[in-house]
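Side chains are part of it too, since the values below use all heavy atoms of this structure and drop only hydrogens, waters and symmetry mates. All residue numbers refer to positions in the sequence shown, counting from 1.
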Amino acid sequence: MVWVADRLKSETIALFAIGASYYATYVPLIHSGGTDDVSHWVILFSNLVLAVAAVVFMLRNRWLKMPVLSLSASYGGFLLWRLSVGVEPSLTVVALFAVSLWVVYTAAVFLSRSGAFSDRQRAMFLTANNAAMFALLTADVLNEENFWILPMVVGATLLGCALAAARWLEDQSLSRKSYLTQGLVLVTLGLMTMGMADSLKGPILAAESVVLLFMAIRRNNFIIQIGSLIVV
């Protein structure tokens with residue numbers, strides 16, 4: 001069906017093919033009740049292959065609905081599977097699942113040069129990707145003593161993406177600011193949950209809050225403005 005969709009240049013057929021493939025990925029896992037009859041690695045590799053296929057469709061034919069469907073089905077299906085089956089996969093599986101998909105969808109953000117992929121749409125897509133990845137990982141390590149490492153690492157990675165966006169997405173100001181703002185927010189969260197002396201944590205948080213407030217004013221984001229003022 002994917003081959004036929006590409007030959008006919010039919011986005012509708014491609015959407016049905018990818019959507020049905022995502023559905024088929026979770027059927028054996030849910031039907032088996034989460035037992036060892038079906039390996040948890042199946043869901044990882046199946047979703048990764050489908051995510052790459054969706055991004056290729058997007059870059060090849062400028063079908064922007066494909067990565068949106070893929071992102072929603074990947075993260076949403078994984079969450080639905082965990083809730084319905086009630087079996088917790090290992091942290092390794094969760095981490096590889098979240099990080100690998102995040103890399104694929106982030107590649108779509110930087111590689112897409114389609115004029116139909118507007119700055120606002122790109123910013124919304126990357127925000128959903130970042131939020132889904134961080135939420136999946138947070139659900140498994142929230143109660144850990146070293147939880148602060150996760151927001152610090154993810155925040156630093158997003159700040160790196162902001163630097164990359166400044167070079168590769170020069171005309172996408174909202175996307176660049178989204179990466180920068182989200183990176184600063186997560187780094188701030190990491191500092192707030194780190195066992196650091198208050199004499200050091202206070203000035204650092206204050207400085208980051210000022211930067212966040214400035215960015216929020218530039219983006220006219222009322223929620224971030226209030227949050228940064230509260231932290232200050």
Side-chain angles (χ1 to χ4, degrees), residues 51 54-55 58-59 62-72 74-76 98-138 147-194 201-232:
V55 171
M58 172 189 179
L59 299 177
R62 297 186 177 183
W63 293 344
L64 302 182
K65 295 179 182 178
M66 294 299 299
V68 175
L69 168 67
S70 178
L71 186 146
S72 303
S74 295
Y75 291 115
V99 173
S100 61
L101 287 180
W102 179 85
V103 170
V104 172
Y105 296 131
T106 299
V109 172
F110 283 93
L111 295 178
S112 175
R113 291 294 185 267
S114 173
F117 201 10
S118 67
D119 189 17
R120 181 174 296 275
Q121 291 174 323
R122 195 186 304 263
M124 293 176 61
F125 181 79
L126 69 88
T127 298
N129 184 33
N130 296 338
M133 181 268 291
F134 183 72
L136 278 183
L137 295 176
T138 299
F147 165 74
W148 62 271
I149 296 177
L150 175 62
M152 287 290 287
V153 171
V154 176
T157 302
L158 295 185
L159 291 178
C161 290
L163 293 176
R167 178 178 180 181
W168 299 102
L169 301 175
E170 297 180 356
D171 58 336
Q172 307 287 312
S173 61
L174 185 58
S175 299
R176 298 197 309 270
K177 293 176 183 178
S178 296
Y179 272 128
L180 179 59
T181 302
Q182 293 162 28
L184 289 174
V185 168
L186 291 181
V187 170
T188 302
L189 176 61
L191 290 172
M192 293 177 66
T193 55
M194 182 192 302
K201 185 185 297 185
I204 296 176
L205 288 175
E208 288 201 0
S209 298
V210 170
V211 175
L212 280 175
L213 179 60
F214 175 75
M215 293 298 302
I217 293 175
R218 289 289 301 273
R219 291 186 57 187
N220 196 26
N221 192 316
F222 180 74
I223 296 178
I224 299 180
Q225 290 181 34
I226 296 299
S228 58
L229 288 174
I230 292 175
V231 174
V232 173

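For the atom pair Asn130 CG and Leu158 CG, the distance stands at 4.5 Å (nearest 0.5 Å). One finds the CG atom of Leu69 at 13.0 Å from the CG atom of Leu64 (value rounded to the nearest 0.5 Å).
Counting only residues at least two apart or in different chains, side-chain hydrogen bond (donor to acceptor under 3.5 Å, both in side chains) contacts with residues 158-171 are absent.
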For this session: Check step by step if side chain to side chain contact (heavy atoms under 4.5 Å, CB included) holds for Thr157 and Trp102.
Result: CA-CA 11 Å; Thr157 302; Trp102 179 85; 3.6 Å; yes
Exercise. Run the side chain to side chain contact (heavy atoms under 4.5 Å, CB included) check on Met152 and Leu186 step by step: do they pass?
Worked result: CA-CA 6 Å; Met152 287 290 287; Leu186 291 181; over 6 Å; no
Exercise. Under the side chain to side chain contact (heavy atoms under 4.5 Å, CB included) criterion, do Val185 and Leu189 qualify, and how do the steps go?
Worked result: CA-CA 6 Å; Val185 168; Leu189 176 61; 5.7 Å; no
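Of all heavy-atom pairs between Ser74 and Tyr105, the closest is OG-OH, 3.1 Å. The two atoms that bring Asp119 and Ser173 nearest to each other are OD2-N, 3.3 Å, heavy atoms only. Minimum heavy-atom separation, Leu126 to Ser178: CD1-CB, 3.9 Å. Nearest heavy-atom pair, Pro67 versus Met58, reported as atom, atom and distance to 0.1 Å: CG-SD, 3.3 Å. Here the closest heavy-atom approach between residue Leu174 and residue Ala123 is recorded as CG-CB, 3.8 Å. Among all heavy-atom pairs drawn from Gln172 and Phe117, the shortest one is OE1-O, 4.4 Å.
Here Tyr75 pairs with Asn129 under the side-chain hydrogen bond (donor to acceptor under 3.5 Å, both in side chains) rule; sequence neighbours left out. Ala165 is linked by a side chain to side chain contact (heavy atoms under 4.5 Å, CB included) to Phe110, Leu169, Arg176, Tyr179, counting only residues two or more places apart in sequence or in another chain.
Checking side-chain atoms of Thr181 against main-chain N and O of Lys177 turns up a donor-acceptor pair under 3.5 Å. The backbone N or O of Phe134 sits less than 3.5 Å from a side-chain atom of Thr138, completing a donor-acceptor pair.
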